[in-house]
Amino acid sequence: MEDRQRKEIALRKILQSYGKVAIAFSGGVDSSFLLFYAADVLGKENVLPITLTMSMHTKREREETITLAQGFQHIFVEAEEYSMEGFVENGKERCYHCKKGIFEKILREAKERGFTIVADGTNFDDLDDYRPGLRALQELNIQSPLKEAGLTKRDIREISKERKIPTWNKPSKACLASRIPYGTKITPQAIAMVEACEDYLWDLGFISCRVRHHGTIARIEVPVEKIEALVQHREAIDHYFKSQGFLFVTLDLGGYQMGSLNLELKDRGKDG
């Protein structure tokens with residue numbers, strides 16, 4: 001039996017043990033896979049997708065969750081993230097404070113609807129990055145069945161493709177707060193600038209991109225093989241980014257790196 005088959009068997013057993021489950025649903029590759037897989041195992045009536053309404057997720061992403069969750073009982077919860085001091089101050093434990101606050105809300109909403117188990121889309125690969133939010137999930141007893149079954153991002157994409165889950169090749173997206181360096185206060189204005197600029201690049205065809213917000217400086221990351229193409233739009237990008245409030249627009253010659261603002265912490269051995 002192949003390794004991936006063993007993982008799928010493990011996942012089905014885990015989901016069956018739940019009986020019914022509420023899922024923190026962002027519309028990304030992992031949570032979409034979990035939603036559809038759980039519905040296959042448990043039936044749609046026993047799966048409750050809960051989506052957070054927060055400025056850290058783009059309007060484009062919120063609209064995608066509505067389309068993906070058609071046929072499910074789908075609810076939205078206001079995150080109220082700017083009321084979380086530990087989040088706004090943006091220390092290295094930002095993700096912990098944010099996850100703790102928003103999953104407490106998700107748990108309350110789920111229990112009010114008769115769902116005592118809440119799961120998220122954390123996968124096995126997530127253990128390799130600096131993710132203090134995982135500690136919050138453990139403290140709140142949030143289940144991570146993909147991680148528990150040993151499923152990697154590659155496994156999830158491959159199985160999603162086989163099952164015709166539409167997010168199988170969707171680019172990875174992270175909370176917009178991850179574009180703000182640790183120690184820099186998170187503001188609605190900064191998040192809006194990042195969202196607008198990334199949407200602009202998306203519309204130009206740069207689907208895998210990040211705009212890192214360094215005060216007056218925007219640092220663009222795209223895959224190395226896309227750098228030459230991006231330079232062809234140099235003047236238009238420079239004009240648009242400055243219209244959104246940046247004074248300087250730069251291109252990272254190292255290319256796109258997921259979690260690049262975590263690299264300093266990992267290099268120091270603080271990957272928790």
Taking it one step at a time, do Lys59 and Glu195 satisfy side-chain contact (heavy atoms from CB on, under 4.5 Å)?
CA-CA 9 Å; Lys59 181 180 179 182; Glu195 179 176 359; 4.0 Å; yes
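- Leu230 has its side chain within reach of Phe206: a pair of non-hydrogen atoms, C-beta onward, lies under 4.5 Å apart.
- Between the side chain of Asn90 and the backbone N or O of Lys185, no donor-acceptor pair lies under 3.5 Å.
- Between the side chain of Asp126 and the backbone N or O of Thr122 there is no donor-acceptor pair closer than 3.5 Å.
- Closest approach of Trp168 and Lys161 over heavy atoms only: CB-N, 3.4 Å.
- For the atom pair CG (Asn123) and CG (Leu34), the distance works out to 11.0 Å, reported to the nearest 0.5 Å.
- Residue Ala79 comes nearest to Ile102 through the heavy atom pair CB-CG2, 3.9 Å, listed as atom of the first residue, atom of the second, then distance.
- With a 4.5 Å cut-off on side-chain heavy atoms, Pro181 and His214 count as touching.
- Among all heavy-atom pairs drawn from Ser178 and Arg94, the shortest one is CA-NH2, 3.9 Å.
- Tyr200 and Phe241 have perpendicular rings, their planes meeting at more than 60° on a 0 to 90° scale where under 30° would count as parallel.
- Following chains of ILVMFWY side-chain contacts shorter than 4.5 Å, one can reach Tyr240 starting from Leu204, so the two form part of one hydrophobic cluster.
- Between Arg60 and Asp203 there is a salt bridge, with a side-chain nitrogen of the basic residue lying less than 4.0 Å from a carboxylate oxygen of the acidic one.
- Taking the side chain as every heavy atom from C-beta outward, Ser172 and Lys153 approach each other to under 4.5 Å.
- Rounding to the nearest 0.5 Å gives a distance of 11.5 Å between CG of Leu253 and CD1 of Ile220.
- Side chain to side chain, Asp120 and Ser144 meet the donor-acceptor criterion of an N or O pair below 3.5 Å.
- Taking NZ from Lys111 and CD1 from Ile117, the interatomic distance works out to 11.0 Å, rounded to the nearest 0.5 Å.
- Residues Glu64 and Pro166 are not in side-chain contact: their nearest non-hydrogen atoms beyond the backbone lie 4.5 Å or more apart.
- Under the 4.0 Å criterion applied to side-chain N and carboxylate O atoms, Glu198 and Arg179 are assigned as salt-bridge partners.
- Both Met84 and Val77 are part of a single hydrophobic cluster, where members link through side-chain heavy atoms under 4.5 Å apart.
- Remark: the backbone N or O of Ile14 is paired with a side-chain donor or acceptor of Ser17 at under 3.5 angstrom.
- Applying side chain to side chain contact (heavy atoms under 4.5 Å, CB included) to Lys7 and the options Ile156, Thr152, Ile159, Leu146 leaves one that passes, Thr152.
- Leu201 is listed as a side-chain neighbour of Ile237, based on a closest heavy-atom distance under 4.5 Å.
- The side-chain heavy atoms of Leu107 and Leu140, taken from C-beta on, include a pair separated by under 4.5 Å.
- With respect to the salt-bridge test (charged N to carboxylate O, under 4.0 angstrom), the residues Arg135 and Glu93 qualify.
- Between Glu61 and Lys173 there is no salt bridge, since no side-chain nitrogen of the basic residue lies less than 4.0 Å from a carboxylate oxygen of the acidic one.
- For residues 50-95, the pairs satisfying ring pair (Phe, Tyr, Trp, His ring centres under 6.0 Å) are Phe25-His74, His74-Phe76, with sequence neighbours left out.
- Scanning all heavy atoms of the two residues, the minimum distance from Ala22 to Phe115 falls at N-CD2, 3.7 Å.
- Hydrophobic clustering of Ile, Leu, Val, Met, Phe, Trp and Tyr side chains at less than 4.5 Å, counting indirect connections, keeps Ile142 apart from Tyr18.
- Of the residues listed (Gln257, Arg210, Arg219), the one engaging Asp252 in a side chain to side chain contact (heavy atoms under 4.5 Å, CB included) is Arg219, and it is the only one.
- Atom CD of Glu45 has more than 12 neighbouring heavy atoms from other residues, nucleotides or ligands inside a 6.0 Å radius.
- Shown here are the side-chain hydrogen bond (donor to acceptor under 3.5 Å, both in side chains) partners of Lys105, two or more places apart in sequence or in another chain: Glu80.
- Under the 3.5 Å distance criterion, with hydrogens and angles disregarded, no donor-acceptor pair is assigned to the side chains of Tyr182 and Glu89.
- Contact check for Ile180 versus Ile191: side-chain heavy atoms found under the 4.5 Å cut-off.
- The hydrophobic cluster containing Leu68 also contains Phe33, counting ILVMFWY residues as joined when their side-chain heavy atoms lie under 4.5 angstrom apart, directly or transitively.
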Evaluate salt bridge (Lys or Arg N to Asp or Glu O under 4.0 Å) for Arg113 paired with Glu109, printing each intermediate quantity in order.
CA-CA 7 Å; Arg113 290 163 174 77; Glu109 292 290 337; 2.7 Å; yes
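- Other residues, nucleotides and ligands contribute only 12 or fewer heavy atoms inside 6.0 Å of the NZ atom of Lys226.
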Assess whether side-chain contact (heavy atoms from CB on, under 4.5 Å) is satisfied between Arg157 and Val29, documenting all intermediate values.
CA-CA 7 Å; Arg157 288 192 184 277; Val29 176; 3.6 Å; yes
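- When only modelled atom types and interatomic distance are considered, Glu81 and Ser55 share a side-chain donor-acceptor pair under 3.5 Å.
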From CA spacing to verdict: salt bridge (Lys or Arg N to Asp or Glu O under 4.0 Å), Glu158, Arg154:
CA-CA 6 Å; Glu158 289 178 350; Arg154 179 176 179 178; 3.1 Å; yes
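- Using a 4.5 Å cut-off between side-chain heavy atoms of Ile, Leu, Val, Met, Phe, Trp and Tyr, Leu247 falls into a hydrophobic cluster with Ile217, Phe248.
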Step by step, work out the side-chain contact (heavy atoms from CB on, under 4.5 Å) result for Lys13 and Ile9.
CA-CA 6 Å; Lys13 288 181 178 178; Ile9 290 172; 3.9 Å; yes
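- Put simply, Leu48 and Leu137 are part of the same group of oily side chains (I, L, V, M, F, W, Y) that touch within less than 4.5 Å, one to the next.
- At a threshold of 4.0 Å, the pair Glu2-Arg6 does not count as salt-bridged, since none of the basic side-chain nitrogens sits closer than that to a carboxylate oxygen.
- Side-chain contact between Arg12 and Asp40: present, with at least one pair of heavy atoms (C-beta onward) separated by less than 4.5 Å.
- Taking the centre and axis of the six-membered ring of Phe36, the NZ or CZ atom of Arg163 falls outside the cone set by 45° and 6.0 Å.
- If you take CG on Leu176 and CE on Met193, they are separated by 13.0 Å, rounding to the nearest 0.5 Å.
- Of all the heavy atoms in Leu11 and Ala149, the pair that sits closest is N-CB, 3.9 Å.
- Between the side chains of Asn141 and Gln143, a donor-acceptor pair is found at a separation under 3.5 Å.
- Other residues, nucleotides and ligands place more than 12 heavy atoms under 6.0 Å from the CD atom of Glu162.
- Across all their heavy atoms, Gly121 and Asp30 have their closest contact at O-CB, 3.1 Å.
- Remark: Lys147 fails to qualify as a cation-pi partner of Phe124 under the 6.0 Å distance and 45° angle criteria applied to the six-membered ring.
- Here OG of Ser26 is found 9.0 Å from CG of Leu52. Values are rounded to the nearest 0.5 Å.
- The structure places CD1 of Ile75 at 4.0 Å from CD1 of Ile50, a figure rounded to the nearest 0.5 Å.
- Dense packing is recorded around CD of Glu225, with more than 12 heavy atoms of other residues, nucleotides or ligands lying under 6.0 Å away.
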